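Let me begin by presenting the structure, written as structure tokens, before commenting on it.
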Amino acid sequence: MERLFDLDFQLLNDAVLLAIAVFFLFLIMSNMLFNPARKLLQDRKDGIARDIADAKNDKEEAEKLKAEYEAKLKDINKERDEILAEARQKALKNETKIISDAKEEAAAIIARANEEAELEKKKVADEVKQEMISVAAVMASKVVAANIDTTIQNTLVEQTLKEMGEGTWLN
């Protein structure tokens, strides 16, 4: 046998068999080691992509929730202002009602006082009338008892008036 590149046939045969064995070993290792490692890396890559997508979705949802909460806060502020305005209106209505009730009560008290004053005036007027009747009766009894002339009668009237007081007749 001839030598190729100064190699003998046995060495070439061993080299070819070694190359074939390495190739088959590479195929076996590829299926048993490299493919699972590739699969693991691909799964990890896909998981990271899902996590990024989920994070983006969560971020979008968080922004939506934030916008909703801000809108609700604005609505709450509007509602607060409406409630305060309504409370102020109720307070003003209550104030006007209380004031009007107080005015009505004051007017009723004044009306009762006026009625009582009128009743007192009538009572005093009745008393004055009674006094006048008694004065007239006293004068009549004096006139009848004395059976006197007009000068004495005028003197008696003046005396009676002085006794009763001139202030009684001037009012």
Side-chain angles (χ1 to χ4, degrees), residues 1-133 165-171:
M1 272 205 142
E2 228 175 271
R3 289 187 163 200
L4 188 61
F5 303 114
D6 285 331
L7 299 173
D8 62 350
F9 182 71
Q10 181 67 31
L11 185 62
L12 283 177
N13 190 18
D14 286 343
V16 170
L17 281 178
L18 182 63
I20 290 172
V22 167
F23 177 73
F24 280 114
L25 185 61
F26 176 76
L27 286 176
I28 292 170
M29 292 297 281
S30 169
N31 282 333
M32 294 182 123
L33 184 65
F34 296 141
N35 284 342
R38 283 186 198 128
K39 185 177 185 285
L40 177 70
L41 290 175
Q42 186 62 38
D43 289 347
R44 183 156 185 213
K45 183 180 176 183
D46 293 342
I48 290 170
R50 275 193 310 272
D51 289 344
I52 290 172
D54 288 344
K56 284 181 183 178
N57 289 338
D58 290 345
K59 183 179 179 183
E60 289 173 3
E61 287 180 29
E63 288 176 0
K64 287 179 185 176
L65 287 174
K66 180 182 176 186
E68 286 178 22
Y69 285 128
E70 287 176 354
K72 285 182 181 180
L73 282 175
K74 288 179 184 177
D75 290 342
I76 287 172
N77 288 337
K78 288 179 185 177
E79 186 177 343
R80 179 202 63 203
D81 292 340
E82 289 173 3
I83 289 171
L84 286 175
E86 190 175 309
R88 285 184 187 119
Q89 288 176 350
K90 284 182 181 178
L92 288 175
K93 286 180 184 176
N94 285 341
E95 177 187 15
T96 55
K97 184 179 183 231
I98 289 171
I99 289 172
S100 66
D101 289 347
K103 286 182 181 179
E104 288 175 8
E105 189 174 338
I109 290 171
I110 291 171
R112 280 191 299 245
N114 286 338
E115 288 174 8
E116 288 178 9
E118 286 297 320
L119 289 174
E120 283 296 319
K121 282 183 185 178
K122 287 180 183 178
K123 184 178 175 184
V124 168
D126 287 342
E127 288 176 1
V128 168
K129 285 180 186 177
Q130 291 298 326
E131 193 67 31
M132 287 174 57
I133 291 172
E166 293 182 14
T168 305
W169 306 107
L170 295 178
N171 291 333

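Just so we're clear, the structure is a prediction, and the values are computed from it rather than from any experiment.
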Quick one: does [X]'s side chain get under 4.5 Å of [Y]'s, heavy atoms only?
{"X": "Arg80", "Y": "Ile83", "answer": "no"}
{"X": "Asn114", "Y": "Glu118", "answer": "no"}
{"X": "Asp126", "Y": "Lys123", "answer": "no"}
{"X": "Asp75", "Y": "Glu79", "answer": "no"}

**Message:** Can a side-chain donor-acceptor contact be found between Glu61 and Asn57 if the only test is distance below 3.5 angstrom?
**Reply:**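 Their side chains do not contain a donor-acceptor pair, so the 3.5 Å distance test is not met.
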
Working to the nearest 0.5 angstrom, can you tell me the gap between [X] [atom1] and [Y] [atom2]?
{"X": "Glu95", "Y": "Ser100", "atom1": "CD", "atom2": "OG", "answer": "10.5 Å"}
{"X": "Lys74", "Y": "Lys72", "atom1": "NZ", "atom2": "NZ", "answer": "14.5 Å"}
{"X": "Leu18", "Y": "Leu12", "atom1": "CG", "atom2": "CG", "answer": "12.5 Å"}
{"X": "Ile52", "Y": "Lys59", "atom1": "CD1", "atom2": "NZ", "answer": "12.5 Å"}
{"X": "Leu119", "Y": "Glu115", "atom1": "CG", "atom2": "CD", "answer": "7.5 Å"}
{"X": "Asp81", "Y": "Glu86", "atom1": "CG", "atom2": "CD", "answer": "12.5 Å"}

**Message:** Using a strict threshold of under 4.0 Å (side-chain N to carboxylate O), is an ion pair present between Lys39 and Asp43?
**Reply:** yes

**Request:** May I ask you to check whether over 12 heavy atoms, not counting those of Glu105, lie within 6.0 Å of atom CD?
**Result:** no

